[in-house]
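One structure is given here, and the rest of the page talks about it.
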Amino acid sequence: MGISLKPEYLKRYRDIAWLLMKYGRSDLVKQAGLEGALDDESAMTAVAAPQAIELSKDLEKMGPTFVKLAQLLSTRADLLPPPYLEALARLQDDVEPFSFQEVEEIVTNELGVRLSKAFAHFEAQPVAAASLGQVHRAELRDGRETVVKVQRPGIREVVVKDLDILQGIAEFLDSHTETGQRYDFGQILAELRKSLLRELDYRQEARHLITFNGNFREFKRIVVPLPVEDYSTSRVLTMDYIHGRKITSLSPLALMEIDGYGLAEELFHAYLKQILIDGIFHADPHPGNVFLTDDNRIALIDVGMVGRITPQAQENILQLLMAISEGRGDEAAALTIKLGEPKESFEEEKFSRQVADLVTQHQGSNVEDIDAGRVVLEITRISGETGFRLPPEFTMIAKTLLNLDQIVHTLDPNFNPNASIRQHATEMMRERVMKSLSAGSLFNTLLEAKGFVDKLPGRVNSFLDAIANNEMKIKVEAIDESKLMEGFQKIANRITMGLVIAALIVGAAMLMRVETSFKIFGYPGIAMIFFFIAAGAGLWFVFHMLFKDETSEKK
């Protein structure tokens, strides 16, 4: 795709170039060919050393696409230093609301009915306003209390345009710069595009609400609102209203009145189950999205961003979390390599050493120093530095665990995530085994067995025909053919040498019976010569095996 020359993109190019200049990446501005988008005044104002908190504010000013980009960058420890990661992680998606007239127009067009017909009551003042949409309280005709999330007018077009601009810059940097090839900006933008377009379709969020309701059924102190499907479309989402307060707004006194440890334990257990058993997890447990209900339960109110993980990756993640929690550094490094893909520049030894050191150094540390989320996030930094590509779901898991650590420590500062991982590991393994024994899995196994049995007679016939017709071939792939042949030659030479020495000894023994005038030490001379030759050859043979072979192995 590359850099587009459309005039309407010029302002965005200027904004991005100014942002890169301000935060010390003027090299990328020049390499991407964006210096022409900057005027002299913009370049002059971009020289002051910025604070980390400024980056989150600057990205927030640039609009919803860049707010979501900030949330994604908060998991990329390989791209940004820790102060910037923390500033972006705390970024609150809170913007000015749009007018109630626009809300009414969107809801009416989407539902095909006037507000007064669909709802008994609909509050004009929004409960919250974010970059992609805003939320209003409402009451259905049957008395059911709900909230209605309404998408911002024209937001889809703005997001798609911004994504196209960023994608063009990313592809150009990946193709023409060493930095782009190292960090693969195109993959980051592809992940952002996929995540944002899913969030813009509220029907997917409605399906997520239903899925998580089912998956959380066993956790009695966790609540997920159910959608009102007849009142939900791609731009309007109606769901149950949850009476409660944000976790972050609770006072120390309010926290003392609840079972903070019990809530933290159940919430952490639920997220482990999502990641390691269900294969679909809420990827944005931001403290602002987690409520404490009036009956002291945990409510997850925004599940627009989710991650998915394959069964094979689940097993590796479970083993990785166990290795981290128990301080087994070498094993953690080996398991991480199983999850990703090495680039051409991958420094495996350096990667393994740094991951092992990272995990091992936390062994025996204080609770607040060994959060699994922070360790997993740090692994992404090491990966970027050593040329190793981790899958997108790995960074999503890192972000999820990092946010989760913040929530559980808000509920109970003494909560130990690593102890929870160790406590539930056996249960997780048992559930994974039981899941593999489900009716669907057993049926799939039976179908595979049936296919094997169906094809077996034909394969046996082909095998027997090949043997009967002398067409049977065995293919051997040796690691090093020359070394293999050299070994065989050594064995043959030693066998031959042994036979020659044995023949000399036997021949000498037989000649001992032949009387001759030529004697050595009173014995027949020819027999003694054969004995001396055999003894010399034997000593040389032993010397060669003990010293010469050892020298060649060292080479």
Side-chain angles (χ1 to χ4, degrees), residues 1 3-4 6-26 28-29 32-39 41-76 79-81 83-98 128-134 151-173 183 185-186 188-197 199-200 284 286 288 304-305 399:
M1 180 177 171
I3 304 294
S4 173
K6 293 181 180 180
E8 62 267 27
Y9 286 3
L10 183 59
K11 183 181 183 303
R12 265 299 188 230
Y13 287 144
R14 184 182 299 116
D15 292 340
I16 295 169
W18 176 83
L19 192 71
L20 291 171
M21 288 285 290
K22 179 177 180 179
Y23 292 94
R25 294 318 304 257
S26 57
L28 293 181
V29 174
L34 294 176
E35 67 268 32
L38 282 172
D39 52 36
E41 184 179 350
S42 298
M44 290 292 291
T45 58
V47 296
Q51 299 294 321
I53 192 66
E54 290 182 52
L55 178 59
S56 62
K57 292 180 179 178
D58 289 337
L59 288 170
E60 186 176 4
K61 289 176 186 175
M62 292 177 71
T65 310
F66 293 86
V67 170
K68 297 299 177 182
L69 177 61
Q71 293 175 352
L72 179 61
L73 289 176
S74 69
T75 68
R76 296 302 300 258
L79 291 173
L80 296 171
Y84 287 89
L85 297 177
E86 292 175 11
L88 294 180
R90 288 195 296 266
L91 174 62
Q92 296 292 324
D93 190 5
D94 190 12
V95 298
E96 288 294 319
F98 52 96
S131 56
L132 298 183
Q134 64 190 39
Q151 196 170 104
R152 283 188 175 272
I155 193 64
R156 185 181 294 271
E157 291 75 16
V158 172
V159 167
V160 169
K161 177 183 173 182
D162 284 344
L163 287 173
D164 287 343
I165 291 171
L166 288 170
Q167 190 72 39
I169 295 173
E171 290 179 0
F172 187 88
L173 290 174
Y183 293 107
F185 295 130
I188 296 174
L189 263 296
E191 182 185 345
L192 178 66
R193 178 184 292 273
K194 183 170 64 176
S195 175
L196 257 176
L197 294 181
E199 281 196 70
L200 286 170
D284 191 24
H286 196 280
M305 187 182 296
K399 176 187 177 183

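We count residues from 1, following the sequence as given.
- Counting all heavy atoms, side chain and backbone alike, L59 lies closest to A70 at CD1-CB, 3.6 Å.
- Smallest separation of non-hydrogen atoms from A129 and R152: CB-NH2, 4.2 Å.
- One finds the CG atom of L166 at 12.0 Å from the NZ atom of K161 (value rounded to the nearest 0.5 Å).
- Listed by chain and number, the residues in a side chain to side chain donor-acceptor pair (under 3.5 Å) with Q151 amount to none (sequence neighbours excluded).
- The CG atom of L196 sits 6.0 Å away from the CG atom of L200 when rounded to the nearest 0.5 Å.
- Considering only heavy atoms from C-beta on, L69 stays 4.5 Å or farther from T65 through its side chain.
- Residues satisfying the side chain to side chain donor-acceptor pair (under 3.5 Å) test with D58, not counting sequence neighbours, are K22, Y23.
- Considering all non-hydrogen atoms of both residues, A170 and G186 come closest at CB-N, 3.9 Å.
- Look at D162 and R193 and you find no salt bridge, because none of the NZ, NE, NH1 or NH2 atoms lies under 4.0 Å from a carboxylate O.
- Inter-residue side-chain proximity for F185 and I169 is flagged as unmet; no heavy-atom pair is nearer than 4.5 Å.
- Looking at every heavy atom in both residues, M305 comes nearest to S195 through CE-OG, 3.9 Å.
- In this structure, the separation between CD on E199 and NZ on K68 is 4.0 Å, given to the nearest 0.5 Å.
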